[in-house]
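Lettering of chains follows the sequences in order, A, B, ..., and the numbering in each one begins at 1. From a predicted model like this one, the values you see are computed outputs, not experimental measurements.
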Amino acid sequence: MLKNMTLGQYFPGDSFIHRLDPRTKLMATIALIAIVFVSQGFSGFLAIAAFVLIAAASTGIHLKFLFRGLKPIMFIVIFTFVLNLFFQTSGTELLRLGFLRVTDQGLRMAGFMAVRLILLVVCSQLLTLTTSPIALTDGLESLFRPLEAIHFPAHEIAMMMSIALRFIPTLMDEADKIMKAQKARGANFETGSVLARAKAMVPLLVPLFVGAFRRAEELALAMDARCYRGGKGRTRMKQLKYGTIDLLAGLALLLLLAAVIALNALGAF
Amino acid sequence: MSNTIIEARDVCFSYEGSGALAVDHVSLSVEQGEFLAILGRNGSGKSTFAKLLNALQLPTSGTLTVNGITPSTEDDCYEVRKSCGMVFQNPDNQIVTTIVEEDCAFGLENLGTPPEEIRGRVDDALHSVGMSEFAQASPSMLSGGQKQRVAVAGVLAMRPRIIVFDESTAMLDPIGRRDVFALARRLNVEEGITVVWITHFMEEAALADRLAVMESGRIALMGAPREVFAQADRVLALGLDVPEMMKLARMLKAGGLKLPEGLMTVNEMAHALTRLRKSGGRPCSAPESAGAHAPQPEGDAVIDVKHLTHVYLPGTPFEAKALSDVSLAIRSGEFVGIIGHTGSGKSTLITHLNGLERSEPGTVFVKGRDLGEKGADLISVRQTVGLVFQYPEYQLFEETVAKDVAFGPSNLGLDSAEIDRRVQRALSQVGLNAQEVAEKSPFELSGGQKRRVAIAGVLAMQPDILILDEPAAGLDPAGRREMLELIHGIHESGVTVVMVSHSMDDVGRYCDRLFVLNRGELAYSGTPEQVFLHDQRLHEIGLDVPECAKLARMLRGAGFAMPEGIYRAQDVCGAILNNLSGEVSGDA
């Protein structure tokens with residue numbers, strides 16, 4: 001069960017997108033999401049989709065991974081589609097099912113919302129596929145650093161995220177071991193009522209938590225021993241630096257924004 | 001005096017809320033460039049003393065000066081930690097980031113070192129510990145020994161003058177242990193770094209410049225390893241051990257041989273014995289024709305493994321063969337050992353023996369039942385085959401010891417009177433006083449006691465076969481001896497025992513038969529005598545034969561008549577005395 005869980009979905013690579021500064025990628029993703037909302041028609045979506053697909057293709061990652069992230073939200077997409085389809089009642093009627101009316105405007109709205117959702121997910125998917133969790137953490141820390149002036153704990157949050165990333169595989173391993181050990185003592189995690197199964201988790205969760213606290217204490221000591229004193233006065237070996245490619249990425253996004261606004265203005269479909 | 005780098009005067013320390021002194025009036029000084037080993041039972045104050053050296057704790061009284069600083073403020077502590085690095089016991093719990101080189105940079109980043117300088121120092125440090133090729137790797141993919149080397153690199157990058165190793169080899173297999181110790185020794189000799197090496201392993205302590213033995217927070221013995229170990233009775237009484245050759249030397253002296261004092265290593269002993277032997281014999285070496293697998297002894301197998309193959313994460317980039325065509329049989333009432341280094345497939349093998357894992361191809365029969373069959377009653381299999389994992393104390397979860405031990409039996413659906421009876425019996429089997437501990441929380445107990453409770457939890461299922469994965473791991477020498485005696489007792493009571501271990505000494509002492517795994521394959525099997533014949537090959541795959549077996553081989557090479565595969569101290573002693581009967585002084 002635990003073996004099927006993978007951490008993040010980062011695909012290592014050396015493409016244009018991979019080499020972008022994580023901050024650029026974070027901001028670009030936010031910008032892309034904004035552009036998706038700016039677009040008022042399918043032609044705009046088409047432009048955005050073309051942009052994302054070209055970007056994705058350039059990374060060398062198989063497109064199926066780009067769409068794999070859609071699976072968990074497919075239900076929401078369908079739900080939104082159906083809701084819009086039946087509750088947008090203005091426009092010409094296309095179909096009547098009892099008291100439900102499907103109109104041309106309803107169909108357009110339903111499709112519009114569904115495509116918008118799909119695009120939003122695919123955009124963020126592109127970010128997580130091409131950026132390692134650690135680079136994401138660094139990027140977030142750096143972007144939020146100015147907020148430290150108003151006591152926003154950017155460094156602390158980033159450090160917590162990075163430690164979490166470090167210990168998730170270790171703790172999963174440990175959970176697997178404890179589970180086996182309790183099974184060897186006749187524990188049953190798989191069958192029984194929901195309540196029985198929840199109760200069966202106690203012998204797994206208690207040692208797991210006790211272990212996690214023990215590890216946390218030891219790690220804190222090890223960090224102290226290596227002179228950790230919080231973010232103040234800390235330097236980083238790897239400095240984030242914007243390069244020409246980041247500028248190019250920004251320009252590409254501006255072009256896309258311009259195209260979408262133009263398509264909106266033209267009133268294209 | 002100018003060369004003294006650590007100076008402790010009447011240092012005391014007690015933890016908050018505890019009246020007892022964890023460190024009790026310790027005075028010692030360490031010279032620049034020295035390699036000091038500290039031995040002592042669990043709870044003797046070694047680790048607390050290490051934390052004082054690194055200014056992770058401050059003495060409650062007395063003065064402790066490290067590299068010229070007597071820390072009192074937080075800034076002083078910071079300065080001490082810059083010059084005195086520390087490598088901890090658990091390799092997993094001291095690595096902070098998900099990329100090796102970034103972890104290595106962590107300390108320097110904290111010091112505010114400029115990025116370009118960090119880069120260079122990190123590269124140097126990784127090179128120095130031999131981990132350059134893993135700079136971009138994720139620590140979770142490394143072995144324990146490699147992780148410890150990364151931890152050393154992280155400390156080294158800060159250019160410390162002292163490194164304290166707090167039982168840094170305790171959780172490693174023999175290869176990892178040798179590696180990390182050799183690394184510390186090299187940094188000491190080549191870079192002049194002062195090393196404080198805390199350990200439970202006598203063979204490591206024997207190689208230090210100086211040795212301190214701690215007991216209840218005090219320094220009980222101190223001196224060169226030879227001098228300390230010469231007081232064997234005192235050392236044993238402190239819950240420690242003396243190197244195997246020193247024990248043998250005592251036996252030989254008792255047998256009338258005149259040996260020089262302070263023989264500690266196999267080489268020294270072989271040399272001394274060859275000199276004693278006036279009449280030179282003809283050198284002969286052991287025949288290398290011995291087969292890898294001795295024939296199976298007669299008898300019904302309670303566990304019969306046939307052609308077992310297990311592939312780890314098939315169909316992914318991490319695919320690896322954990323077991324490859326392993327066949328073995330264990331008979332009722334045997335005490336067998338399974339040995340191999342980390343990743344040799346030991347743990348995978350034992351989880352197949354009670355149906356926790358099932359693999360194709362291959363079959364596992366327990367008492368004639370095929371575990372791979374559909375609808376096999378696995379609960380009853382797990383009742384028959386008890387499995388105690390490594391560090392089993394980390395699986396305790398109940399409010400009281402009695403409830404925890406009762407977990408297994410209650411899963412079997414027994415009535416409460418029977419469960420009570422079994423809990424009592426299991427606790428007494430592991431040498432715990434049921435009245436005393438039954439109502440305590442398992443988390444209040446000492447490490448050794450916790451482990452006993454965890455073993456009791458498996459024994460309470462009353463298995464016919466008991467499998468233990470490294471039951472003595474991390475225990476101090478006395479705890480180790482007690483644990484092995486306890487398992488010996490369980491075997492005597494009629495339980496078939498399978499013990500997984502790294503230690504050839506342990507399996508040689510207790511097991512009837514051994515199975516040696518290497519890279520998922522069964523490399524050797526047979527009695528210890530038969531297996532130890534392959535000592536050179538065993539050494540190559542990262543396992544050592546017991547020291548006495550090594551000595552026997554060396555002496556055979558020097559012309560002594562030594563029986564094949566001999567490895568027990570008393571046997572080796574007898575054989576040596578036979579060879580040297582002419583040399584034994586007449587008045588003995």
Practice problem: For B/Q136 and B/E101, run side-chain hydrogen bond (donor to acceptor under 3.5 Å, both in side chains): C-alpha distance rounded to whole Å, both residues' side-chain angles, the deciding distance at 0.1 Å, then the answer. | Solution: CA-CA 6 Å; B/Q136 303 297 330; B/E101 65 170 15; 3.1 Å; yes

Quiz item: Hey, does B/V96 have a side-chain heavy atom less than 4.5 Å from the side chain of A/M223?
Solution: yes

Practice problem: Check for a donor-acceptor pair, side chain of A/S142 on one end and backbone N or O of A/G139 on the other, with a separation under 3.5 Å. | Solution: no

Quiz item: Would you say A/R23's side chain and A/L240's backbone share a donor-acceptor pair under 3.5 angstrom?
Solution: yes

Self-check item: Choice from A/A216, A/G233, A/A225, A/A187 maximising heavy atom contacts with chain B below 4.5 Å
Solution: A/A225

Quiz item: Which one of B/Q89, B/E102, B/E117 has the most heavy-atom pairs closer than 4.5 Å to chain A?
Solution: B/E102

Quiz item: In terms of heavy-atom pairs under 4.5 Å with chain A, which of B/G408, B/P114, B/S410 leads?
Solution: B/G408

Quiz item: What option among B/Q383, B/Q395, B/E398, B/Q94 has the most heavy-atom pairs under 4.5 Å with chain A?
Solution: B/Q395

Exercise. Below 4.5 Å from any heavy atom of chain A, which atoms of B/F389 appear? Answer side chain, backbone, both or neither.
Key: side chain

Practice problem: Answer with side chain, backbone, both or neither: which region of A/E218 has an atom nearer than 4.5 Å to a non-hydrogen atom of chain B? | Solution: both

Quiz item: Hey, which of B/L356, B/V80, B/V155, B/L378 has the most heavy atom pairs under 4.5 Å with chain A?
Solution: B/L356

Quiz item: Quick one: what part of A/F209 sits under 4.5 Å from any heavy atom of chain B, side chain, backbone, both or neither?
Solution: neither

Exercise. Measure B/T351 against the heavy atoms of chain A and call it side chain, backbone, both or neither at under 4.5 Å.
Key: side chain

Quiz prompt | Top contributor to chain A interface from B/V381, B/N54, B/D103 [non-hydrogen pairs under 4.5 Å] | solution = B/D103

Self-check item: B/H310 and B/H352 aromatic ring geometry - parallel, tilted or perpendicular at 30°/60° bounds
Solution: perpendicular

Quiz item: Looking at B/V385, B/V122, B/I379, B/T113, which makes the most heavy-atom pairs under 4.5 Å with chain A?
Solution: B/T113

Self-check item: Within-4.5 Å side-chain heavy-atom neighbours: B/N354 and A/K183
Solution: no

Quiz prompt | A/R229 (side chain) donor-acceptor with B/N110 (main chain) under 3.5 angstrom | solution = no

Self-check item: B/F88 backbone acceptor or donor facing B/Q148 side chain under 3.5 Å
Solution: yes

